[in-house]
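Please read the structure below before turning to the comments.
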Amino acid sequence: MQSTAIKEALGILKQLRQIMETPESVPEKLRRILETISAKMQADAATCYVAVDDNYLELFAACGFKKASSHRLRLRYNEGMAGEVAEGRRSLVINNIWMYPKFVSKPELLEEKDFQSFIGVPVLQWNRTIGVLALYNAREIDRSEVDIELLETIAMVLAEILASEEMTQYKKSLIKSRGMSTKERVKGLSLNKGYGIGDAVVHRRRQSVTNIFAEDKEKELRRLEIAHHQMNEDLDAKFNSTKLGLGEHIDILDAYRMFAKDKGWYGKIAGNIRGGLAAEAAVERAYEDMWNRLSQSSDSYLRERLHDLRDVADRLQSYLSGDYKQAPDISAKDIVIVAQTMGPAELMDYDYSRIRGLIIEDGTPTMHVAIVAKALNIPVLAKLKGIFGEIQNGQTVALDGNEGFVYVNPSPQVETEFRKRIAEREELQKRLAALRNLPARTLNGVDIGLYINVGLPMDFDYIETTNCDGVGLYRTEIPFMASEAMPDVGKQVSYYKDLMDRCGDKRVVFRSLDVGSDKLLPYWAYSGEANPAIGWRSIRITLDRRAILRQQIRAFLLSAAGKELNVMFPMISDLAEFEDAKETLLIELEKDKSRGVPVPKKVNIGLMIEVPSVVFQLDDILPRADFVSVGTNDLAQFIFACDRGNPKLSERYDVLSAPFLNVMKTIVDKADAAGVYCSVCGEMASNPIEALALIGLGYRNLSSSGASFGRIKSMVRSVNTEEIADYMKLLLKSTRNTLRPQLIAYAYDHGIEIY
């Protein structure tokens, strides 16, 4: 902003704060705030809409209209101009509003004046539209960029009152006056199964920004530097000292830590301070700029990065304000956390050993906090609209993660039943641990190869604790993502050799670098793509950047000297692509032999089947491959043309449907006929009911997450392969969109353990 505009903004904000500090009611405060803004910005009328849920806005206050019916006027998101602002989370300036395509005439509001001009801005809190502030003029008026920025700044302050406890109580009084009430049992979406009961802890986000402009830029830059340094030091200490177990959640937390250290993001904040904003406002502005650029992306990776950035921004705000020193004061032994949304590091701010459940009002299966909670064996429920505002600290809350229900203040009978189920689940964990030294053999004597998927060295502990047959998938991109620069051959060898040594004679399958799409390396430049999941990624990148592939292959060869080496190439789309990658490996092998470098005693070269086109070329590919492994995550995504990270599609398509299972049947039948080793390393192999279907189709090698290994082994030891194979033949003829209920019923009827 220009200096005169800054002075004007400071004056308006001072007046607004004085109004907010008065003991008046919420409606009166909002009305006075609108009158002040209208006068200062030369508007004839103003409205303040408040989001009542994810679908509707309600008029809470207005000025300048002879008849403005507060609480009687509702707009759907994307209905009218205010609805468009709410839906897009972007400011909107319109002249001649009667001709605007989205204009809708509401007799409750626009019946007296012939307004011509509109300017509306979203009131945002943590990435959510919580309201819309709009100004109207009877004549056309040119609103400058300074006007828009000033109103957006005012909206940041208005967010305080719309998100306050005072407003929450006011909303509750409205609900009560309308005869609405909450129910004891609420249905949600289960993101992690299990049962939990404890005292509710309502997770409050950081406070809204109150200091907008910098009086001393150098002082603000020093504050930023100190807060940023302290935050990263504390994150390192937290993640390094806490025993989080093993698995994908470790990768997420490490990626989060790298994000917090990102120099580009820090530079944008510093630039905002130099432009006149206080440190707190500079952080918020940097986030909003990133949101405006990336929020329309269909890339699930970018969407999750925005959630992580929101969490990092909030955390940095707390270090700037000093709030980070105020740890949650919780006396209860067992707690259930209730949040609107949450980042993975925020979960670690609590004593996770006392967390018995997590309720997220907005949530998807791919959100990072859900993955971390799942790794910690915490039941997670999501998509419970409005529950955040209903549950109070200290209320008893019970979660049924199996059926997806939340019980608020459950009856003594319900509470007793929950504690019984929790005890039964603890007993189950002991039973699974007792399977460690027993063979993965079915009831009719068929041995199933059970492997694990690993990424970081911390995952390697699963090799011993599960007594698995080996590593069916080593995600080699994880060390690349965890490094600040491209790992050279020597560093890669240290990663790979450590794994080989830990496995001894057990089978290890290395997947070559699989980056792009939802896995971006911080030190590589990426051009934007409309469809990154089917764009320049994985083997397509490494074949184009052949030096990177050759370096990795040399590291594979050196780390497996004297042992058996298994390398598979991901995202192969046709035979030529596989032969090109295979030839690259064989050339490097011959180079090592000619130089007298120790080489593996045997080299097996395979590919991942995750692109549908490969399924139609199996007759040509299988004779040239030593093994294949099915990546069901991407294969299902491509077959259904379905973004599995999209919450609107998360329950629409099922891998346990006849079309997908018939594809899986084709793959294993052709591999068996060709005498080629075939396995599954995707998510299907980590889910007992889905792994049961795979065994029924003929798969005899499964690679699961370490955390799921015991449940898969328990299922294997309780199934008869001949009987499930006969049943699968019948199911493959079905036209239902999912066969999951039938398979679950079959498992229960036949005593198959699918816990």
Side-chain angles (χ1 to χ4, degrees), residues 251 254-255 453-457 459-460 471-503 507-526 536-573 577-595 597-608 610 625-629 631 681:
D251 312 336
D254 276 351
N453 303 330
V454 302
L456 289 171
D459 296 341
F460 298 173
V471 173
L473 167 64
Y474 177 35
R475 299 183 177 96
T476 62
E477 67 275 4
I478 300 300
F480 280 73
M481 294 172 69
S483 300
E484 294 185 358
M486 174 76 72
D488 58 22
V489 173
K491 189 168 290 186
Q492 290 184 55
V493 169
S494 68
Y495 299 147
Y496 308 152
K497 193 172 186 308
D498 185 18
L499 175 59
M500 296 292 284
D501 291 343
R502 294 283 291 272
C503 282
R507 179 184 179 90
V508 177
V509 179
F510 292 97
R511 180 175 70 185
S512 69
L513 192 61
D514 184 13
V515 294
S517 183
D518 60 344
K519 290 173 285 190
L520 306 181
L521 301 181
Y523 39 84
W524 276 12
Y526 293 87
W536 192 58
R537 56 172 289 201
S538 198
I539 194 65
R540 300 167 182 177
I541 291 178
T542 51
L543 285 177
D544 286 350
R545 296 185 174 182
R546 196 68 60 105
I548 295 169
L549 181 59
R550 289 181 181 134
Q551 277 193 340
Q552 187 172 43
I553 288 171
R554 285 201 294 274
F556 289 154
L557 295 168
L558 290 170
S559 64
K563 299 183 178 182
E564 181 177 296
L565 174 64
N566 302 287
V567 176
M568 66 178 175
F569 298 107
M571 197 68 181
I572 295 293
S573 301
E577 206 166 44
F578 174 63
E579 290 193 317
D580 194 4
K582 180 178 178 179
E583 183 183 22
T584 303
L585 192 155
L586 293 175
I587 289 172
E588 293 302 319
L589 176 61
E590 291 304 315
K591 285 181 182 178
D592 280 358
K593 288 180 179 178
S594 66
R595 290 195 292 261
V597 176
V599 297
K601 64 179 181 181
K602 185 180 181 182
V603 176
N604 299 313
I605 305 174
L607 69 148
M608 289 190 71
E610 46 192 346
D626 297 311
F627 67 96
V628 294
S629 188
C681 62

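These values consider heavy atoms only, across backbone and side chains, with no hydrogens, waters or symmetry-generated copies.
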* Structure fact -> For A555, the side-chain contact (heavy atoms from CB on, under 4.5 Å) test, sequence neighbours excluded, returns V489, Q492, V493, Y496

* Asked: Who pairs with R507 by salt bridge (Lys or Arg N to Asp or Glu O under 4.0 Å), at least two apart in sequence or on another chain?
  -> none

* How long is the gap from NZ on K497 to CG on L558, to the nearest 0.5 Å? -> 11.0 Å

* Just do the side-chain hydrogen bond (donor to acceptor under 3.5 Å, both in side chains) check on T476 and Q552 with the steps written out, would you? => CA-CA 9 Å; T476 62; Q552 187 172 43; 2.9 Å; yes

* To do: Could you pull out the closest heavy-atom pair between P570 and L513, with the gap in Å?
  => CG-O, 4.2 Å

* Can you tell if the side chain of Q551 reaches within under 4.5 Å of the side chain of D488, non-hydrogen atoms only? -> no

* Just jot down the ring pair (Phe, Tyr, Trp, His ring centres under 6.0 Å) partners of F627, sequence neighbours excluded, or say none. => none

* Asked: F510 versus N566: any side-chain heavy-atom pair under 4.5 Å?
  -> no

* To do: List in chain and number order the residues that pass salt bridge (Lys or Arg N to Asp or Glu O under 4.0 Å) with K601, two or more places apart in sequence or in another chain; answer none if no residue qualifies.
  => none

* Stepwise salt bridge (Lys or Arg N to Asp or Glu O under 4.0 Å) check, K582 with E579 -> CA-CA 5 Å; K582 180 178 178 179; E579 290 193 317; over 6 Å; no

* To do: Grab the two heavy atoms, one from G472 and one from N453, that are nearest each other, plus how far apart they are.
  => C-OD1, 4.4 Å

* Structure fact -> Hits for salt bridge (Lys or Arg N to Asp or Glu O under 4.0 Å) against K593, two or more places apart or cross-chain, chain-then-number order -> E590

* Atom CE in M571, atom OG in S512: separation rounded to 0.5 Å? -> 12.5 Å

* Does the side chain of V567 come within less than 4.5 Å of N604's, by heavy atoms? -> no

* Asked: Under the side chain to side chain donor-acceptor pair (under 3.5 Å) test, which residues partner D544, sequence neighbours left out?
  -> W536

* side chain to side chain donor-acceptor pair (under 3.5 Å) partners for S629, two or more places apart -> S679

* Asked: Would a 4.5 Å heavy-atom cut-off, applied to side chains only, mark L557 and V599 as touching?
  -> no

* To do: May I have all residue pairs that pass salt bridge (Lys or Arg N to Asp or Glu O under 4.0 Å) and include part of residues 555-571, sequence neighbours excluded?
  => D501-K563

* **Those residues that, when tested against F569, pass ring pair (Phe, Tyr, Trp, His ring centres under 6.0 Å) (two or more places apart)** => none

* Is there side-chain contact between V509 and Y474, with heavy atoms separated by less than 4.5 Å? -> no

* Asked: Is there side-chain contact between D514 and R475, with at least one heavy-atom pair below 4.5 Å?
  -> no

* Partners passing salt bridge (Lys or Arg N to Asp or Glu O under 4.0 Å) against D592 (at least two apart in sequence or in another chain) -> R595

* **Exam field: side chain D626 to backbone I605, donor-acceptor pair closer than 3.5 Å** => yes

* Structure fact -> Rounded to the nearest 0.5 Å, the CD atom of E610 sits from the OG atom of S538 at a distance of 6.0 Å

* Asked: Of all residues at least two apart in sequence or in a different chain, which pass the side-chain contact (heavy atoms from CB on, under 4.5 Å) check with L543?
  -> I539, R546, L549, E577, D580, A581

